[in-house]
Amino acid sequence: MGKLTERTLASRELIQNHLPNCHLIKGLNSGSEDITILPNGLAIISTGLDYAGLPSFGPGKIFSIDLNDSRLKPVELRMGREFDLDSFNPHGISVYTDVTDNSIYLFVVNHPQHKSQVEIFSFVEEDHLLVHLKTITHELLHSVNDIVAVGVEKFYATNDHYFTHKILRLLEPILAQAWCNVVYYSPEEVKVVADGYYSSNGINISPDKGHLYVVDLFDHNIHVLERREDNLLVFVKSLALGSLCDNVEVDPTTGDLWLGCHPNAWKLVQNDPDDPPGSEVIRIQNIHSELPVVTQVYADNGSVIIGSSVAVPYKGKLLIGTVNHKALCCDLKLST
């Protein structure tokens with residue numbers, strides 16, 4: 001158990017580090033596990049995740065919020081009757097815009113009956129509508145956590161477990177073996193492009209599309225990987241984070257990385273209402289330099305928000321999502 005308590009940072013106590021003017025967003029009560037923001041300020045949010053034995057308050061839904069509207073009102077995105085909403089269990093999400101016609105595609109990791117597959121939707125923004133186009137399954141996509149789209153039907157995805165059997169999955173953190181990986185998918189080929197992770201979790205791409213960032217939850221770090229022309233990934237470096245970070249978002253202008261993290265994952269598993277898991281937001285500046293800057297931007301002991309999984313900045317605001325709690329919006333005060 002020693003390795004498990006060490007990997008979950010079970011003894012870590014969090015010091016409060018709040019931002020000004022924070023408020024919970026009304027209408028998001030079933031988690032907000034992943035969030036991505038379109039260039040126009042529309043946030044897309046996955047909710048209702050039922051995963052890894054953690055409490056769930058589904059059903060699974062996708063919402064949007066116009067961050068330019070001070071009301072920050074969540075709007076549920078409609079889906080056609082042809083899609084099975086009853087088993088919808090959304091996890092990581094990614095948006096891809098086709099520059100040839102400005103069509104927007106939403107990629108969603110889905111776990112119906114606790115399996116793993118990827119759904120591709122066409123997003124009709126003016127109608128708040130998601131049109132289901134395709135379901136992708138593959139033996140290499142066996143435990144998908146997060147995804148980053150790089151084409152209309154192309155993406156990189158992280159597998160956060162090696163095993164698919166429920167009991168063996170629970171044993172993985174105790175075994176502490178670096179058996180997880182990153183998979184590249186296209187209609188032409190599917191292949192493992194990076195491996196050696198204890199639990200590969202969040203994934204995203206640099207603004208110039210030349211590098212990928214992969215979070216290793218149980219190794220408390222993030223990996224920088226260079227994309228090759230054959231879509232394989234070459235390790236560049238890793239950076240220690242001191243927390244169990246979940247999803248990673250990339251500022252399209254500055255290239256800064258923003259991570260929603262679990263400062264003490266042991267509390268997340270224990271789920272004690274009298275001692276709730278906290279939340280932590282980390283910002284990384286200049287990650288490609290010899291001296292990247294890692295800053296804790298926000299920290300809460302669970303009194304405000306529980307189990308942060310993602311953080312996204314937009315025009316002086318910070319939107320923080322959670323695995324199965326609520327979502328928080330705060331004002332940002334950043335040093336350059």
Side-chain angles (χ1 to χ4, degrees), residues 32-47 60-69 73-85 88-110 112 116-138 141 144-158 183-190 202-213 227 229 231 247-253 255 310 312-315 319 321:
S32 42
E33 202 281 336
D34 203 5
I35 303 171
T36 191
I37 298 178
L38 300 180
N40 64 359
L42 193 72
I44 310 295
I45 305 167
S46 66
T47 72
K61 295 180 180 180
I62 303 292
F63 286 87
S64 68
I65 296 179
D66 184 355
L67 298 180
N68 295 302
D69 186 337
K73 182 180 179 181
V75 176
E76 182 181 348
L77 300 183
R78 298 182 296 110
M79 300 182 192
R81 293 181 179 178
E82 74 282 355
F83 185 72
D84 182 8
L85 280 172
F88 188 44
N89 188 7
H91 202 165
I93 60 175
S94 180
V95 166
Y96 179 79
T97 301
D98 188 343
V99 295
T100 62
D101 59 5
N102 292 320
S103 296
I104 300 174
Y105 298 90
L106 179 67
F107 291 63
V108 181
V109 177
N110 185 18
S116 279
Q117 58 196 49
V118 174
E119 315 291 353
I120 303 179
F121 299 90
S122 173
F123 177 40
V124 186
E125 183 177 344
E126 58 272 21
D127 296 328
H128 307 292
L129 177 66
L130 291 173
V131 179
H132 187 248
L133 302 176
K134 190 171 185 177
T135 296
I136 293 172
T137 60
H138 192 276
L141 300 170
V144 182
N145 183 296
D146 197 17
I147 186 171
V148 59
V150 293
V152 175
E153 288 188 33
K154 300 177 181 180
F155 58 83
Y156 291 89
T158 55
V183 173
Y184 172 76
Y185 176 92
S186 75
E188 294 77 32
E189 63 174 349
V190 186
I203 187 170
N204 220 313
I205 196 166
S206 61
D208 66 2
K209 314 303 181 187
H211 291 84
L212 263 67
Y213 311 112
R227 291 180 71 192
E229 289 186 8
N231 298 305
N247 291 306
V248 54
E249 294 298 314
V250 181
D251 187 308
T253 302
V310 64
V312 198
Y314 182 77
K315 289 186 177 180
L319 190 59

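It should be emphasised that the depicted structure is a prediction, and the values quoted were computed from it without experimental measurement.
Between atom CG of residue L106 and atom OG1 of residue T36 there is a gap of 8.5 Å, rounded to the nearest 0.5 Å. Note: K315 NZ to L67 CG = 9.5 Å, rounded to the nearest 0.5 Å. To the nearest 0.5 angstrom, N247 atom CG is 9.0 Å from N204 atom CG. The NZ atom of K61 sits 7.0 Å away from the OG1 atom of T47 when rounded to the nearest 0.5 Å. A distance of 7.0 Å separates CD1 in I62 from CG in L130, rounded to the nearest 0.5 Å. To the nearest 0.5 Å, the span separating CG on N68 from CG on N40 amounts to 7.5 Å.
Across all their heavy atoms, A43 and I35 have their closest contact at CB-CG2, 4.2 Å. Between P207 and V250, the closest heavy-atom pair is CD-CG1, 3.8 Å. Annotation for Y156 and R227: closest pair OH-NE, 3.4 Å, computed over non-hydrogen atoms. The two residues G151 and F107 make their nearest non-hydrogen contact at O-CZ, 3.3 Å. Taking each heavy atom of V144 and V109 in turn, the nearest pair found is O-CG1, 3.4 Å. S206 and Y213 get closest at one heavy-atom pair: CB-OH, 3.3 Å.
Aromatic ring centres of Y96 and F155 lie farther apart than the 6.0 Å criterion allows. Residues Y105 and F123 keep their aromatic ring centres 6.0 Å or farther apart.
Between V150 and I205 the shortest side-chain heavy-atom distance falls below 4.5 Å. Two residues are said to be in side-chain contact when any heavy atoms from C-beta on lie closer than 4.5 Å; V108 and P90 meet this criterion. Between H91 and N145 there is a side-chain heavy-atom pair separated by less than 4.5 Å. Residues E188 and K154 form a side-chain contact, since some pair of their non-hydrogen atoms from C-beta on lies under 4.5 Å apart. The side-chain heavy atoms of Q117 and P112, taken from C-beta on, include a pair separated by under 4.5 Å. Considering only heavy atoms from C-beta on, M79 comes within 4.5 Å of L85 through its side chain.
For E229, the CD atom sits in a loose shell: 12 or fewer heavy atoms of surrounding residues, nucleotides or ligands are nearer than 6.0 Å.
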Quiz item: Hey, mind stepping through E249 and V310 against side chain to side chain contact (heavy atoms under 4.5 Å, CB included) and telling me if it holds?
Solution: CA-CA 8 Å; E249 294 298 314; V310 64; 3.9 Å; yes
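For K134, the salt bridge (charged side-chain N to carboxylate O under 4.0 Å, His left out) partners are E153, not counting sequence neighbours. Checked against side-chain hydrogen bond (donor to acceptor under 3.5 Å, both in side chains), S64 has no partners two or more places apart in sequence or in another chain.
One side chain, E119 or T135, offers a donor N or O that lies under 3.5 Å from an acceptor on the other.
The backbone N or O of V99 lies less than 3.5 Å from no partner atom in the side chain of T97, so there is not a single donor-acceptor pair. Side-chain atoms of R78 do not come within 3.5 Å of backbone N or O of V131 as any donor-acceptor pair. A distance-only check finds no donor-acceptor pair linking the side chain of D127 to the backbone of L129 [under 3.5 Å]. A donor-acceptor distance shorter than 3.5 angstrom exists from the side chain of N110 to the backbone of N89, with no hydrogens or angles considered. A donor-acceptor pair under 3.5 Å is formed between the side chain of D34 and the backbone N or O of I93.
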